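Please read the structure below before turning to the comments.
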Amino acid sequence: YGAHRDLHSVPTRRSSDLYHTITLQVKAGGEWSEKNESWLNVTGPPPRNPDASISINPPEAHQGEEINFLGSGTYYDPATSIVVYEWYLDGAHYSDEMTFADSGISVGNHTMELIVEDNEGLRSEPAQEPFQVLPPIPLAHIDSIDPSLAKVGDTIIFSGHCTDRKSTRLNSSHTSI
């Protein structure tokens, strides 16, 4: 028995798939059979979801200080770009920007999460990064010194207060020496 095989590509290409026509014709007893054709779809690897990554600078800041959040995504063929950035602070939706800064996050330990989506609609697994917001650094203010001119042995009274960086009064104090 003889066999004749012909494998050729059809010029149609969809994404990473390539379609082929398989033609089979056999010879038996000196006679050739009719040609039988079938299609073969050779696919590439399955699409790969993008990867998300986060950079937080600084990862530890005092309340009122600016913290910068930079998101990035790595996409894979056939995708050509990252089109969606979804940020979550401690599980609650926070931003849709690729990068942003904030100085108003509450005191405490936090987790920032980022999910990216590519232009093919594939979404990444969440990337997570911890960071910490410390209490604000207090600023001391002397309100008065009485008397302003003193002699050795005199009682001197100091009055003052402290504020945070936004001038919010935190407490007051009076001291005598």
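Not measured: the values here are computed from a predicted model.
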**OP:** Answer whether the closest heavy-atom distance between the side chains of Asn119 and Ser81 falls below 4.5 Å.
**Re:** yes
Original post:
Does some side-chain heavy atom of Ile67 sit less than 4.5 Å from a side-chain heavy atom of Ile56?
Top reply: yes
**OP:** Under the side-chain contact (heavy atoms from CB on, under 4.5 Å) rule, what do Trp87 and Ile54 come out as? Steps first, then yes or no, please.
**Re:** CA-CA 10 Å; Trp87 293 89; Ile54 300 172; 3.8 Å; yes
Subject >> Distance-only side-chain donor-acceptor flag, Tyr76 / Asp51, under 3.5 Å >> reply: yes
**OP:** Quick one: pull up CD in Glu120 and OG1 in Thr80 and give me the separation to the nearest 0.5 Å.
**Re:** 7.0 Å
Subject >> Pairing residues for Ser72 by the side-chain hydrogen bond (donor to acceptor under 3.5 Å, both in side chains) criterion, not counting sequence neighbours >> reply: Ser53
**OP:** Would you name the heavy atoms of Met98 and Tyr85 that are closest together and state the gap between them?
**Re:** SD-OH, 3.4 Å
**OP:** Give, for atom CD of Glu65 and atom CG of Leu134, the distance between the pair rounded to the nearest 0.5 Å.
**Re:** 8.5 Å
Subject >> Phe131/Phe69 aromatic ring centres below 6.0 Å >> reply: yes
Original post:
Are any non-hydrogen side-chain atoms of Asn36 and Glu34 less than 4.5 angstrom apart?
Top reply: no
**OP:** Count the heavy atoms of every other residue, nucleotide or ligand shown that sit under 6.0 Å from CD of Glu66, and state whether that count exceeds 12.
**Re:** yes
Subject >> Same apolar cluster: Tyr94 and Ile82, side chain cutoff 4.5 Å >> reply: yes
Original post:
Do Thr163 and Pro138 come close enough that some side-chain heavy atom pair is under 4.5 Å?
Top reply: no
**OP:** Check for a donor-acceptor pair, side chain of Asp146 on one end and backbone N or O of Ile157 on the other, with a separation under 3.5 Å.
**Re:** no
**OP:** Mind checking the CG-OG spacing from Leu24 to Ser33? Nearest 0.5 Å is all I need.
**Re:** 6.5 Å
Original post:
Of all heavy-atom pairs between Ala101 and Asn68, which one has the smallest distance, and what is that distance?
Top reply: CB-OD1, 3.3 Å
Subject >> Close side-chain approach of His62 to Val133, heavy-atom, < 4.5 Å >> reply: no
Original post:
What's the shortest heavy-atom distance between Cys162 and His141, and which atoms?
Top reply: CA-CD2, 4.2 Å
Original post:
Can you find a pair of side-chain heavy atoms, one from Leu89 and one from Ile105, that are under 4.5 Å apart?
Top reply: yes
**OP:** Supply the atom-to-atom distance Glu37 CD to Gln25 CD, rounded to the nearest 0.5 angstrom.
**Re:** 10.5 Å
Original post:
How many angstroms lie between NE2 in His93 and CD1 in Ile115, if you round to the nearest 0.5 Å?
Top reply: 9.5 Å
Would you give me the side-chain donor-acceptor pairs under 3.5 Å for residues 106-114, sequence neighbours excluded?
{"residue": "Asn109", "atom": "OD1", "partner": "Gln132", "partner atom": "NE2", "Å": "3.3"}
{"residue": "His110", "atom": "ND1", "partner": "Asp90", "partner atom": "OD2", "Å": "2.6"}
{"residue": "His110", "atom": "NE2", "partner": "Ser106", "partner atom": "O", "Å": "2.8"}
{"residue": "Glu113", "atom": "OE1", "partner": "Gln128", "partner atom": "NE2", "Å": "2.7"}

Original post:
Rounded to the nearest 0.5 Å, how far does OG of Ser124 lie from CG of Asn49?
Top reply: 8.0 Å
Original post:
Any idea which heavy atoms bring Ile156 and Pro147 closest together, and the distance?
Top reply: CA-CD, 4.2 Å
